[in-house]
Amino acid sequence: MASTGEAAFCQISIENDVRLDGRSCHDMRPVELELGVIAQAAGSARLRMGATDVIVGVKVEVGSPSSSAPNQGRLQVTVEFSPCASPIYKGRFGETYGEQIAAVIESSLAPSGRAGGGGGGGVAYDGTLPTAASPHLRGAPPSSSSGTPGPGLDLSKLCILPGKTAWVLFVDALVLNDDGNVLGAVSAATLAALQHTRIPKVEAVRDAAGEEEIELDDSPGAAWRLDVSALPLVVTTSRVGSQCVMDLTAQEERCSTSALHVAVNRKGQLCGTTLSGRTGVETSMLLMMMETAQKLGPILWDQLMGFLQTR
Amino acid sequence: MSAAGAVRVRQHQPGADIALIERGLGVHDAPISTTFVCIGDEISTEGQEGFLRGHGTQVVDEKLVATVCGVVERVNKLIYVRTLNSRYNAEQGDVVVGRVADIAGKAWRVDLKSRQESKLLLSAVHLPGGIQRRRNAEDELNMRSFFREGELISAEVQSVHADGSVALHTRSAKYGKLTHGQLVEVPPNLIKRQKQHFHTLEALGVELIIGCNGLVWVAPLRPDRAAAAAAADIGADAADAAAEAPVAPPPSKGQLEVVCRMANAIRVLTRLYMPVYPASIMAVYEAAMDKNVELRDMLEPDFLEAVVKQEAQRRNSAMQE
């Protein structure tokens, strides 16, 4: 909770490009990453952005592909808010917000993977963010067209036996502390966890009865890693007064009127957008927000990959 | 506006801060000390025929054992363990900064980040008009016009009752609502009780309120607040001072930068677990200005190391005197 006086001071600070902790409007907080925090998961990462703390774990299981895409594996993202993340998340209050974040991340990682979405399916949902004014999230369909391989993971690499078995990736995120920019933190941690994921090699063999069976090679040396080079990152640009600000803390988020969450890949191309907030945004402002996100996205991507490849 | 900002990604190193402090102070392994105990450590009671067992201790198998981590204190026959990180314990006369949590009955409940919320009674604030009169039902209904839920106030601890409940008062012009500034949270153990908790640094144009409960308020100095503080020293009433004050202009970018640097200096002291008082804050502030450290780089390991070295030098020179 903050008083109106503090919120006004926060807003004046942002408008003068001297935020409460000294950053400029386009600076992000230093990101601290730890890989392999969950021993039982195929890949995991813990990411801290200031006081925001998230853990992402990836588990791979052998399952059946969906009937609409028999030659592809599946991806499922869930985001959970621990009650210790913030007093507002006690009980089941964080469930809706978690589902919305999971939907944004899932559509950025595997846009054609959503059931009934078609190629490059749009994300349209309405929900409420846990703020006093109950805003609604509005979705915009991503700019990629159907038919061509979309951005994100190449799910066809997860296929084992077409139509019968495929790898299913379960990406689970847990938000331990919410100090703003949770979506950005979860997106970056997901990228790190997926890059860290090791999937065992499988071979399809014919057994005595002539049935196709799969043999799993569990040895660590035989595991392969996903190609994450086409994965986009979700970058949030928020509007405070007349300024575009990146990576808001929880206190600054209370001063912002609307936020644009943009999925940007390493080339700076737009892979999906979502708008959230209490008020609408003018077109000129929207373009400026998108351009800011498209400039910062590749920088963050390069820094993250540069770090991950040295581990 | 169109330039992309800084992005840094690095490995998380647990215990990096402690390693930094140890390197700076030249202490590589904490010496085994009988004064610092951990949970389960035995406290020696040699040479004491009878002793009183205080907080943080327990008798296990006829030995006195610590139940918390901290420093062993002995006062006459009382042996107790004082923890290094604990909630704020109010004492009469403390200046505190708190947030109004609730309005109930004839009192505001103020959150001091202590074990309990404290109470600010309606009879303990100055009414507008300055006349001392009996509070009636209308005053009670207009309580929200004074302090709303969520507002920050500075107050003084009037009394601490036997059950631990705390009563506050704002019966002076210098206490009251805090607007247009930044709040920094600091462990209360780092704040020493001093003569003055309100500091107006006119040269820098900053107002600093160091609450004993660990909440520190940093704000740009506004002419009406300066006048109110001056008037309070003379003993005038809050209402008179407010009536004369002009509307303050919004702070300039330079003022905001100074406020931000002060707040970051306090954050640096918190990271390094150093006591927070005006001299130490100014030392860190001036070190940052001398080295031309950017505002956002003040919490980076480079500057933290420089501050630790400065503190080590200060301790060495103090010991040599």
Side-chain angles (χ1 to χ4, degrees), chain A residues 1-10 12-35 37 46-50 53 188 192 242-247 251 288 291-292 294-308 310-311, chain B residues 1-14 16 99-102 111 147-153 177-185 217-220 222 249-265 267-268 288 293-301:
Chain A
M1 264 222 286
S3 61
T4 44
E6 282 173 278
F9 185 76
C10 190
I12 293 173
S13 299
I14 293 175
E15 283 175 8
N16 277 293
D17 206 26
V18 180
R19 290 157 79 174
L20 295 181
D21 52 4
R23 288 182 288 151
S24 81
C25 291
H26 296 252
D27 280 337
M28 287 191 69
R29 290 171 282 186
V31 173
E32 294 191 349
L33 258 184
E34 236 179 307
L35 294 174
V37 287
R46 182 170 180 176
L47 188 138
R48 275 167 256 252
M49 227 185 244
D53 197 350
S242 55
Q243 283 267 35
C244 275
V245 202
M246 322 280 309
D247 194 16
Q251 190 178 5
M288 186 163 68
E291 275 168 12
T292 318
Q294 282 181 284
K295 275 208 185 78
L296 192 77
I299 297 178
L300 179 61
W301 208 100
D302 287 329
Q303 291 274 335
L304 272 172
M305 285 314 282
F307 172 84
L308 291 170
T310 57
R311 294 280 165 260
Chain B
M1 260 268 262
S2 55
V7 177
R8 285 158 287 192
V9 178
R10 55 183 175 227
Q11 169 77 20
H12 171 72
Q13 281 155 336
R99 203 180 282 281
V100 176
D102 206 0
D111 175 21
F147 303 128
R148 305 189 70 97
E149 289 94 335
E151 273 191 345
L152 270 181
I153 58 165
K177 248 191 283 209
L178 298 175
T179 55
H180 297 94
Q182 252 200 76
L183 186 74
V184 184
E185 283 189 36
W217 174 254
V218 193
R222 295 166 88 196
S252 67
K253 180 159 177 171
Q255 270 187 310
L256 289 172
E257 282 180 354
V258 173
V259 167
C260 179
R261 206 176 279 278
M262 292 288 281
N264 274 350
R267 290 185 185 111
V268 165
V293 181
E294 292 251 347
L295 286 174
R296 60 168 176 251
D297 291 333
M298 279 178 77
L299 287 166
E300 293 292 297

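Each chain gets a letter, A, B and so on, in the order its sequence line appears, and its residues count up from 1.
- Atom OG of A:Ser13 is separated from atom NE2 of B:His180 by 10.0 Å, given to the nearest 0.5 angstrom.
- With A:Asp21 contributing its side chain and B:Asn264 its backbone, the two residues share no donor-acceptor pair below 3.5 Å.
- Neither the backbone nor the side chain of B:Val184 comes within less than 4.5 Å of any heavy atom in chain A.
- Proximity to chain B is absent for every atom of A:Arg46, based on heavy atoms less than 4.5 angstrom apart.
- For a residue to count as touching a neighbouring chain, one of its non-hydrogen atoms must lie under 4.5 Å from one of that chain's; by this rule A:Val31 touches chain B with backbone and side chain alike.
- In this structure, OG on A:Ser3 lies 9.0 Å from CG on B:Leu183, to the nearest 0.5 angstrom.
- The CD atom of A:Glu15 sits 10.5 Å away from the CG atom of B:Leu256 when rounded to the nearest 0.5 Å.
- Taking the side chain as every heavy atom from C-beta outward, B:Thr179 and A:Phe9 never approach each other to under 4.5 Å.
- In terms of the ring pair (Phe, Tyr, Trp, His ring centres under 6.0 Å) criterion, A:Phe307 has no residue partners (sequence neighbours excluded).
- Once rounded to the nearest 0.5 Å, the distance linking CD of A:Glu6 with CG of B:Leu152 reads 4.0 Å.
- Neither the backbone nor the side chain of B:Pro14 comes within contact range of chain A; no heavy atoms are under 4.5 Å apart.
- In this structure, the portion of B:Glu300 lying under 4.5 Å from any heavy atom of chain A is its side chain and not its backbone.
- Heavy-atom pairs under 4.5 Å with chain A were tallied for B:Met298, B:Glu257, B:Arg10, B:Gln13; the largest tally goes to B:Arg10.
- Of the possible donor and acceptor atoms, one in the side chain of B:Gln182 sits under 3.5 Å from a partner among the backbone N and O of A:Leu20.
- Note on B:Ser252, B:Ala219, B:Pro251, B:Pro250: by heavy-atom pairs under 4.5 Å with chain A, the leading option is B:Pro251.
- For a residue to count as touching a neighbouring chain, one of its non-hydrogen atoms must lie under 4.5 Å from one of that chain's; by this rule B:Arg148 does not touch chain A.
- Going from atom CE of A:Met28 over to atom CZ of B:Arg8 covers 10.5 Å, rounded to the nearest 0.5 Å.
- Contact tally against chain A (heavy-atom pairs below 4.5 Å) for B:Glu294, B:Arg261, B:Glu151: the top residue is B:Glu151.
- Here CG of A:Asn16 is found 10.5 Å from CD of B:Gln255. Values are rounded to the nearest 0.5 Å.
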Please test A:Glu32 against B:Gln11 for side chain to side chain contact (heavy atoms under 4.5 Å, CB included), starting from the C-alpha separation and ending with a verdict. CA-CA 5 Å; A:Glu32 294 191 349; B:Gln11 169 77 20; over 6 Å; no

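- For A:Glu34, the side chain to side chain donor-acceptor pair (under 3.5 Å) criterion is met by A:Arg48, not counting sequence neighbours.
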